[in-house]
Enquirer: 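Before I ask anything, here is the structure I am working with.
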Amino acid sequence: MSADASTGPDLDFVTYFGHRLLAKRDGKATEVPVSELDGKYVGIYFSAHWCPPCRAFTPLLRKTYLMLTALGKPFEVVFVSSDQSQQEFNGYYEEMPWMAIPYGESSHRQGLARRFSIMGIPTLVIVSPEGHVLNTNARAALIRDPEAARFPWEGEEERQAFSLLPIFLMVVLAWFVAQFLFGNKG
């Protein structure tokens with residue numbers, strides 16, 4: 001992965017993924033060097049088989065991935081499993097056409113989850129070929145744009161935490177109003 005020397009990458013693929021990934025070759029999971037990500041936009045997909053929203057989103061991501069790769073777009077997805085066992089991982093990964101961090105590489109999976117402050121799944125993060133993070137909530141962007149007309153969805157990020165701000169402000173306001181109307185009158 002090359003990077004502009006003046007700004008450097010936000011993400012070094014080897015540091016976060018390790019030297020080897022799993023990839024589908026003739027329908028079978030095969031280890032490949034992480035260098036196969038060079039020159040590609042990478043979707044880092046945090047998911048698990050036991051998660052109903054993940055099971056609903058995976059087919060949409062699969063359809064978009066297959067469309068983009070058929071069009072020759074430089075795009076790859078790397079599955080970061082939150083499954084509880086190798087068997088669960090194997091069963092879920094069978095449904096996926098893209099790469100994955102091997103299940104046994106828990107330090108890389110956990111490091112990526114910490115790096116992106118993953119609080120829930122499914123989460124899709126898009127990284128440029130240079131290693132710059134373009135979108136940490138690409139799931140929402142892909143749902144709005146399943147035909148990928150705006151791929152790689154740079155600048156379309158909606159931080160999930162900010163969606164709770166109006167609710168928090170309403171609760172605080174309601175508390176102040178209650179204190180004013182029903183507070184201590186003694």
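Any value given below was found using the heavy atoms of this structure, including those in side chains, with hydrogens, waters and symmetry copies removed. Starting from 1, each residue takes its place in the sequence as its number.
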Enquirer: Show the nearest heavy-atom pair for residues Pro102 and Leu21, with the distance to one decimal.
Expert: CD-CA, 4.3 Å
Enquirer: Could you give me the CA-CA distance, side-chain angles and deciding distance for Trp98 and Thr69, then say whether side-chain contact (heavy atoms from CB on, under 4.5 Å) is met?
Expert: CA-CA 10 Å; Trp98 45 70; Thr69 56; over 6 Å; no
Enquirer: Do side-chain atoms of Trp50 reach the backbone of Ser82 as a donor and acceptor pair under 3.5 angstrom?
Expert: yes
Enquirer: How far apart are the closest heavy atoms of Tyr41 and Ser128, and which atoms are they?
Expert: CD2-CA, 3.8 Å
Enquirer: Can you tell me how far OG of Ser81 sits from CD of Glu88, rounded to the nearest 0.5 angstrom?
Expert: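 The CD atom of Glu88 sits 8.0 Å away from the OG atom of Ser81.
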Enquirer: Can you tell me which residue pairs pass the salt bridge (charged side-chain N to carboxylate O under 4.0 Å, His left out) test with a partner in residues 15-29, sequence neighbours excluded?
Expert: Arg20-Glu31, Arg25-Glu36
Enquirer: Should we count NZ of Lys40 as having more than 12 external heavy atoms under 6.0 Å?
Expert: yes
Enquirer: How far apart are the closest heavy atoms of His108 and Thr15, and which atoms are they?
Expert: ND1-O, 3.7 Å
Enquirer: Any chance you could measure Arg150, atom CZ, to Arg144, atom CZ, to the nearest 0.5 Å?
Expert: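 Separation between the atoms: 7.0 Å.
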Enquirer: Quick check for you: to the nearest 0.5 Å, what is the distance between Lys63 atom NZ and Leu142 atom CG?
Expert: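 So the gap between those two atoms works out to 10.5 Å.
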Enquirer: Please evaluate residues Val77 and Met96 with respect to the criterion side-chain contact (heavy atoms from CB on, under 4.5 Å), reporting the C-alpha separation (whole Å), side-chain torsions for both, the decisive distance (0.1 Å), and the verdict.
Expert: CA-CA 10 Å; Val77 172; Met96 301 174 183; over 6 Å; no
Enquirer: Short question: side chain of Tyr16, backbone of Gly111 - any donor-acceptor pair under 3.5 Å?
Expert: no
Enquirer: When rounded to the nearest 0.5 angstrom, what distance separates CZ in Arg114 from CG in Leu112?
Expert: 9.5 Å
Enquirer: Tell me, with the steps shown, if Leu22 and Phe79 meet side-chain contact (heavy atoms from CB on, under 4.5 Å).
Expert: CA-CA 9 Å; Leu22 295 178; Phe79 171 47; over 6 Å; no
Enquirer: Is it true that Gln87 and Ser85 share a donor-acceptor pair across their side chains at a distance under 3.5 Å?
Expert: no
Enquirer: Any donor-acceptor pair under 3.5 Å linking the side chain of Glu105 with the backbone of Ile101?
Expert: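 Not confirmed, Glu105 side chain does not pair with Ile101 backbone.
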Enquirer: Looking at CD1 of Ile126 and CZ of Arg139, how far apart are the two atoms once the value is rounded to the nearest 0.5 Å?
Expert: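 Atom-to-atom, Ile126:CD1 and Arg139:CZ are 13.5 Å apart.
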Enquirer: Fit a plane to each ring of Phe89 and Tyr93, take the angle between them on a 0 to 90° scale, and name the class: parallel (under 30°), tilted (30 to 60°) or perpendicular (over 60°).
Expert: parallel
Enquirer: Looking only at atom types and distance, does a side-chain atom of Thr64 sit under 3.5 Å from a main-chain N or O of Pro146, one as donor and one as acceptor?
Expert: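 Checking the backbone N and O of Pro146 against the side chain of Thr64, a donor-acceptor pair under 3.5 Å is found.
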Enquirer: Quick one: CG on Leu68 to CZ on Phe75, what's the gap to the nearest 0.5 Å?
Expert: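 If we round to the nearest 0.5 Å, Leu68:CG and Phe75:CZ are 6.0 Å apart.
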Enquirer: Please report the closest heavy-atom contact between Gly39 and Pro74, naming both atoms and the distance.
Expert: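 Taking every non-hydrogen atom into account, O-CB, 3.5 Å.
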Enquirer: Side-chain contact test, heavy atoms from C-beta onward, threshold under 4.5 Å: evaluate it for Leu37 versus Val127 and give yes or no.
Expert: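 A side-chain contact is absent here, since even the closest heavy-atom pair is not under 4.5 Å.
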Enquirer: Please step through side chain to side chain donor-acceptor pair (under 3.5 Å) for the pair Asn90 and Gln86, ending with a clear verdict.
Expert: CA-CA 6 Å; Asn90 291 346; Gln86 180 74 50; 2.8 Å; yes
Enquirer: Keeping the roles fixed (side chain from Asn135, backbone from Pro152), state whether a donor-acceptor pair exists under 3.5 Å.
Expert: no
Enquirer: Applying the ring pair (Phe, Tyr, Trp, His ring centres under 6.0 Å) test to Tyr45, which of Phe57, Tyr65, Tyr92 qualifies?
Expert: Phe57
Enquirer: Measure across Arg55 and Pro59 and return the closest heavy-atom pair with its distance rounded to 0.1 Å.
Expert: O-CD, 3.1 Å
Enquirer: Please assess Ile44 against Arg115 for the test side-chain contact (heavy atoms from CB on, under 4.5 Å), listing each intermediate value before the final yes or no.
Expert: CA-CA 12 Å; Ile44 306 170; Arg115 164 65 177 85; over 6 Å; no
Enquirer: Look at the aromatic rings of Phe46 and Phe116 and report parallel, tilted or perpendicular, splitting at 30° and 60°.
Expert: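 Judged by the thresholds at 30° and 60°, the geometry between Phe46 and Phe116 is perpendicular.
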